[in-house]
2 protein chains.
Amino acid sequence: MLIGELSERTGASRRLLRYYEEQGLIASRRCQNGYRDYDERFVDRVVQIRGLLDAGLPTRIIRQILPCLDQPRTIHFSDATPEMIATLERERDRMTSRIDCLSRNRDAVSEYLDAVRDNRSREAVGTEPDT
Amino acid sequence: MLIGELSERTGASRRLLRYYEEQGLIASRRCQNGYRDYDERFVDRVVQIRGLLDAGLPTRIIRQILPCLDQPRTIHFSDATPEMIATLERERDRMTSRIDCLSRNRDAVSEYLDAVRDNRSREAVGTEPDT
DNA sequence: TGGAAGCCTCACACTTATGTGAAGGTCAAT
DNA sequence: ATTGACCTTCACATAAGTGTGAGGCTTCCA
């Protein structure tokens, strides 16, 4: 599959796909004419990369954890150096606190929206003045 | 409280606090000599801002949702224009999907770590060769 | 009175993740 | 053969979040 198709199927711009390659997040073979040639598995891979980026992880961390998240769950124990494991544990914890923080704030936003909605319906029956 | 103290208590550099002010995320009174003067509530506020930033929200969104998340939960219904509510709902949904994505990936990392740990203990009793 | 420590503004610099455009090759169809 | 839709590399641009340093206040303490 050429870069245009990968782009369409993942929603990442061509530019961005070349950037991910430059960052070592994905790889491509080259056709005789120099065109990049990707295989199927990169569709999921790119989607995952974008999810992680959107979740706030920088490419250098993604590059590290990506091998562990490969589709045909082949565990590469060879990569599992103590430093690697430490990095992963640290990153897992960071992800957890990020999740907690996001959840708290999302809940706060939700509560606000609920309160506004309540206020609206009270106003609708003309019961209370607002702030 | 002067900027130095706020910096120490929040872990954000002075530079960053000035930047947040420039971005409209926090505000300060000024002393006669021009020094910034913050009150207590900004400690929590800054911590919250950093949490949201770390969670991937850009300052322009944080600026919008911050008033809704104020400590003494004063609901400012006056701010609740339809566009504002729409933005908040959109942002709440984005936060939810970010949480889901982060959770999935964190779980994948956890699974990998568990697998490595299992492999380690099997190795310890000399049962299996590795990949 | 002098120095250290804290503050101010301004400004240049860097990284990360992106967009955009130029100059040019390839390929398929007309 | 030319057009249009691909692809290539290179390079400049931008926003966000930071660092760092210059040049210059203030405040306090010895």
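B:Ile61 places its CD1 atom 11 Å from the P atom of D:dA16, with the value rounded to the nearest Å. The distance between atom CG of B:Leu2 and atom P of D:dT26, rounded to the nearest whole Å, is 15 Å. Between the C1' atom of D:dA16 and the CD atom of B:Glu22 lies a distance of 11 Å, rounded to the nearest Å. As rounded to whole Å, 12 Å separates atom C1' of D:dT18 from atom CG of B:Leu17. Regarding A:Glu8, its CD atom lies at a distance of 12 Å from the C1' atom of D:dC6, rounded to whole Å. When rounded to the nearest whole Å, the span between CG of B:Leu52 and P of D:dG17 equals 11 Å. Taking atom CG of residue B:Leu25 and atom P of nucleotide D:dT18, one finds them 11 Å apart after rounding to whole Å.
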**OP:** Test B:Thr10 against B:Arg50 for side chain to side chain donor-acceptor pair (under 3.5 Å), laying out the working first.
**Re:** CA-CA 9 Å; B:Thr10 59; B:Arg50 294 182 66 71; over 6 Å; no
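Salt bridge B:Asp114/B:Arg117: present, at least one basic N to carboxylate O contact under 4.0 Å. Using a 4.0 Å cut-off between charged side-chain N and carboxylate O, A:Glu40 and A:Arg9 make a salt bridge. Look at A:Glu21 and A:Arg45 and you find no salt bridge, because none of the NZ, NE, NH1 or NH2 atoms lies under 4.0 Å from a carboxylate O.
Minimum interatomic distance between A:Val43 and A:Met1 (heavy atoms only, all atoms of both residues): CG2-CE, 4.0 Å. Taking all atoms of both residues into account, the shortest heavy-atom contact from B:Leu88 to A:Leu113 is CB-CD2, 3.9 Å.
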**OP:** Go along nucleotides 8-17 of chain C 5' to 3' and tag each nucleotide: B for a protein heavy atom under 4.0 Å from its base, S when only backbone or sugar atoms are that close, - otherwise.
**Re:** SB-B----SB
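Residue A:Gly4 is the one, among A:Gly4 and B:Ser13, whose nearest nucleotide of DNA chain D lies closer to the 5' end (criterion: closest heavy atom).
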